[in-house]
Enquirer: 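I am attaching a structure below and will ask some questions about it afterwards.
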Amino acid sequence: MDSSIKDLEGANNNTPLLDQITTTQRKSKSVLIFSLVLLFLGIGMIGLLVNHNYTSSSDDQIPKLEIVKKFVSRGVSEGVSEKKFNLFSVDEEASLLLLSSYPWENNMLVWQRTAFHFQPTKNWMNDPNGPLFYKGWYHFFYQYNPNGAVWNNIVWGHAVSKDMINWVHLPFAMVPDHWYDIGGVFTGSATILKDGSIVMLYTGATKEMYQVQNVAYPADPSDPLLINWVKSSANPVLVPPAGIGMQDFRDPSTAWSTPNGNWRFTIGSKINKTGISLIYETKDFVNFTLLDQWLHQVPDTGMWECIDLYPVSLTDMNGLDTSVTGNALAIKHVLKASLEDVKVDYYALGSYDIEKNVWTPDDPKLDVGSELRYDYGKFYASKTFYDQNKQRRLLWSWTGESDSEDADIMKGWASLQAIPRVVLFDNKTKTNLLQWPVEEVESLRSNKKEFNNLKLAAGSVLPLDVAKTAQLDIIADFEVDKGALEGVMEADVGYNCPTSNGASGRNALGPFGLLVLANDGRSEQTAVYFYISKGKDGNLKTFICTDLSRQFAKSLPTIFPIHG
């Protein structure tokens, strides 16, 4: 690789120092993920895994697609999540034209296969379901189509692991075999009762795709692998209440205990354009009462899916069981909803009054659907659970990728799960959560190469010789001079990654970050970058974005630190 510094046009004079880049070789196959943790005043850390040097036979070419068809929505008409593809904000038909006419080859598609993100061997996958730790094993259930790489025929896939990195795939946990779930065994959650037994609440779809709620139990609680499941004879235990659409009633959450010994859980729905969180109470998971008060509602947010309510400690680094309530000075409650209309997960911090059964945001401006997100990439239908094994709150999420349905069919699979993350309250800002990949990821690291004290001149691109490896984990510390931060004078109200000008949209400071999956001429590249701006309130905000406008790479990747 050329080690010279390349200049870009339109440079400014603010230059972040790339204090250290550590590239670590991994033991697994090709993969691309990144996780980022921002520190205050523009200091960031990047963990990035990138494909590098995958090779395959030139005989594996896939024939060029000749038929261009208009994108057909899958899922929404049935009232469930879908994978919707939209490339660079162009219309869907143009996206399909581009993708179906591109001469895809197997060596372009095979390297997209992940190495240690959770992924079944083939076919379609979407929402995470009922994750839990039981008798020494982490269990992961997921929405799965056993018959193809598109959404349809949904069953519950099931896998177990000791470390959430290496997985053993087990027989399907549940399949659509009753009238109340013949249209699909949809999303649900696990609750571990006080005696250690497990209750699984899930949404089923009837033949007409009406949504009802059901209960399942392990057939053999002594089996640590929980291979067999039994559906309750009382199913369906809930049907949509009056005023709720038959396809607007889904995704029961993990239940939490109440002072009187009962259990409550929430189900997502909507009234017109107002997203709402219904609350049910039960003593035995057979008989249920719909409470008069909604947990929460936000106008103009549309249908709420996959609602999650859980406590976070304000004083401790450990996670909390879902049933923990109490001193408002010691805990906050996170409320998360997946907004179907925009396919984005939003969360907010607030307080849960278990007596009144009401959750209230700390700041109405930061309510659900307003600003806070776990992730600004492909990250949807997320679900947390309390890992009693290591006393931590863990976050799973479906990553729908950004390729088309046609490409999925050619690949033979669609979607993956994000690396599970630990979730904590941010005691520095006190307004958001912190996330970091589970510590088990460290077991995958092997060789290491370091680049220290690199100075990035304004507008520069600095190639790094990372040698050849199957994949890399990149940890980069960018240190920004305080004087440069003070130069960010103009307000940049409303900035966000999807509607920005990408890595080429410069301001007083930035963008700066990494170029990955880049060819030598950088006509093909993916930018992972920081953008620092000042808001109306005068405070600095740091954004982490990706620019996919040059993502179609046919060549091997290179890694470049950049400064805009």
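These figures come from a predicted structure and were not determined experimentally.
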Enquirer: Please determine, by modelled atom types, if Ser277 and Gln297 share a side-chain donor-acceptor pair under 3.5 angstrom.
Expert: no
Enquirer: Answer with yes or no whether the side chains of Thr274 and Asn272 bring together a donor and an acceptor at under 3.5 Å.
Expert: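 Side chains of Asn272 and Thr274: no pair found under 3.5 Å.
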Enquirer: Return each pair, listed once, that meets ring pair (Phe, Tyr, Trp, His ring centres under 6.0 Å) where at least one residue sits in residues 214-233; pairs must be two or more places apart or across chains.
Expert: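 Qualifying pairs, neighbours excluded: Phe141-Trp229.
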Enquirer: Could you check, using the six-membered ring where one of them is a Trp, whether Tyr142 and Trp396 have ring centers closer than 6.0 angstrom?
Expert: no
Enquirer: For Lys336, enumerate each residue passing the salt bridge (Lys or Arg N to Asp or Glu O under 4.0 Å) test, keeping only those at least two apart in sequence or located in another chain.
Expert: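 Listed in chain order: Asp345.
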Enquirer: Given 3.5 Å as the limit, does a donor-acceptor pair link the side chain of Thr203 with the main chain of Val212, or not?
Expert: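 Looks like no, no N/O pair under 3.5 Å.
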Enquirer: Taking His333 for the side chain and Thr360 for the main chain, is one N or O donor matched with an acceptor at less than 3.5 Å?
Expert: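 Between the backbone of Thr360 and the side chain of His333 there is no qualifying donor-acceptor contact (under 3.5 Å).
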Enquirer: Can you tell me how far the OG1 atom of Thr301 sits from the CG atom of Asp367, to the nearest 0.5 Å?
Expert: 8.5 Å
Enquirer: Using only heavy-atom distances, determine whether the side chains of Gln143 and Asn129 contain a donor-acceptor pair under 3.5 Å.
Expert: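 Yes, Asn129 and Gln143 have a side-chain donor paired with an acceptor closer than 3.5 Å.
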Enquirer: With sequence neighbours excluded, what pairs up with Lys390 under the salt bridge (Lys or Arg N to Asp or Glu O under 4.0 Å) test?
Expert: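 Partners of Lys390 by the salt bridge (Lys or Arg N to Asp or Glu O under 4.0 Å) criterion, ordered by chain and then number, come out as Glu439, Glu440.
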Enquirer: Any heavy-atom pair between the side chains of Tyr310 and Thr254 that's under 4.5 Å?
Expert: no
Enquirer: Applying ring-ring contact (aromatic ring centres under 6.0 Å, His included), can you list everything that pairs with Phe288, at least two apart in sequence or on another chain?
Expert: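 By the ring-ring contact (aromatic ring centres under 6.0 Å, His included) rule, Phe288 matches Phe265.
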Enquirer: Quick one: list whatever passes side chain to side chain contact (heavy atoms under 4.5 Å, CB included) with Val230, sequence neighbours left out.
Expert: Ala219
Enquirer: How would you list, by chain and number, every residue that makes a side chain to side chain contact (heavy atoms under 4.5 Å, CB included) with Lys207, sequence neighbours excluded?
Expert: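 Once residues adjacent in sequence are excluded, the partners of Lys207 under the side chain to side chain contact (heavy atoms under 4.5 Å, CB included) criterion are Ile182.
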Enquirer: Could you work out, with side chain to side chain contact (heavy atoms under 4.5 Å, CB included) as the rule, every residue matching Tyr376, not counting sequence neighbours?
Expert: Arg373
Enquirer: Does either side chain, that of Arg393 or that of Thr384, offer a donor lying less than 3.5 Å from an acceptor on the other one?
Expert: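 On atom types as modelled, these side chains qualify, holding a pair under 3.5 Å.
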Enquirer: Using a strict cut-off of less than 4.0 Å between a Lys/Arg side-chain nitrogen and an Asp/Glu carboxylate oxygen, indicate whether Asp375 and Arg421 qualify as a salt bridge.
Expert: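 Yes, this pair counts.
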Enquirer: Taking ring-ring contact (aromatic ring centres under 6.0 Å, His included) as the definition, give me every residue that meets it alongside Trp413, ordered by chain and number, with sequence neighbours left out.
Expert: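 Listed in chain order: nothing, the list is empty.
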Enquirer: Ignoring hydrogens and angles, write down the donor-acceptor pairs under 3.5 Å from the side chains of residues 168-180, residues two or more places apart or on other chains.
Expert:
{"residue": "Asp177", "atom": "OD1", "partner": "Lys231", "partner atom": "NZ", "Å": "2.6"}
{"residue": "Tyr180", "atom": "OH", "partner": "Asn235", "partner atom": "ND2", "Å": "3.4"}

Enquirer: Sort out for me which residue in Trp359, Tyr352, Tyr280 forms a ring pair (Phe, Tyr, Trp, His ring centres under 6.0 Å) with Trp256.
Expert: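 The residue from Trp359, Tyr352, Tyr280 that satisfies ring pair (Phe, Tyr, Trp, His ring centres under 6.0 Å) with Trp256 turns out to be Tyr352.
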Enquirer: Hey, are the side chains of Ile192 and Phe133 touching, using non-hydrogen atoms and a 4.5 Å cut-off?
Expert: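 In short, these two side chains do not touch, never coming nearer than 4.5 Å.
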Enquirer: Taking only residues two or more places apart in sequence, or in another chain, which ones meet Ser257 in a side chain to side chain contact (heavy atoms under 4.5 Å, CB included)?
Expert: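 With neighbours one apart ignored, the set is Lys194, Trp263, Ser323.
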Enquirer: Can you list the steps and then say if Arg250 with Glu305 is a salt bridge (Lys or Arg N to Asp or Glu O under 4.0 Å)?
Expert: CA-CA 7 Å; Arg250 56 184 176 270; Glu305 304 183 292; 3.0 Å; yes
Enquirer: Listed by chain and number, what are the salt bridge (Lys or Arg N to Asp or Glu O under 4.0 Å) partners of Asp220, not counting sequence neighbours?
Expert: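 Asp220 satisfies salt bridge (Lys or Arg N to Asp or Glu O under 4.0 Å) with no residue once adjacent residues are dropped.
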Enquirer: Output yes when Glu401 and Lys378 qualify as a salt bridge under the 4.0 Å nitrogen-oxygen rule, no when they do not.
Expert: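 Salt bridge between Glu401 and Lys378, a charged N being under 4.0 Å from a carboxylate O: no.
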Enquirer: Could I get the full list of salt bridge (Lys or Arg N to Asp or Glu O under 4.0 Å) partners for Asp308, not counting sequence neighbours?
Expert: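 For Asp308, no residue satisfies salt bridge (Lys or Arg N to Asp or Glu O under 4.0 Å) once neighbours in sequence are set aside.
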Enquirer: Any luck finding a side-chain donor-acceptor pair between Ser415 and Trp398 under 3.5 Å?
Expert: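 Per modelled atom types, Ser415 and Trp398 side chains form a pair under 3.5 Å.
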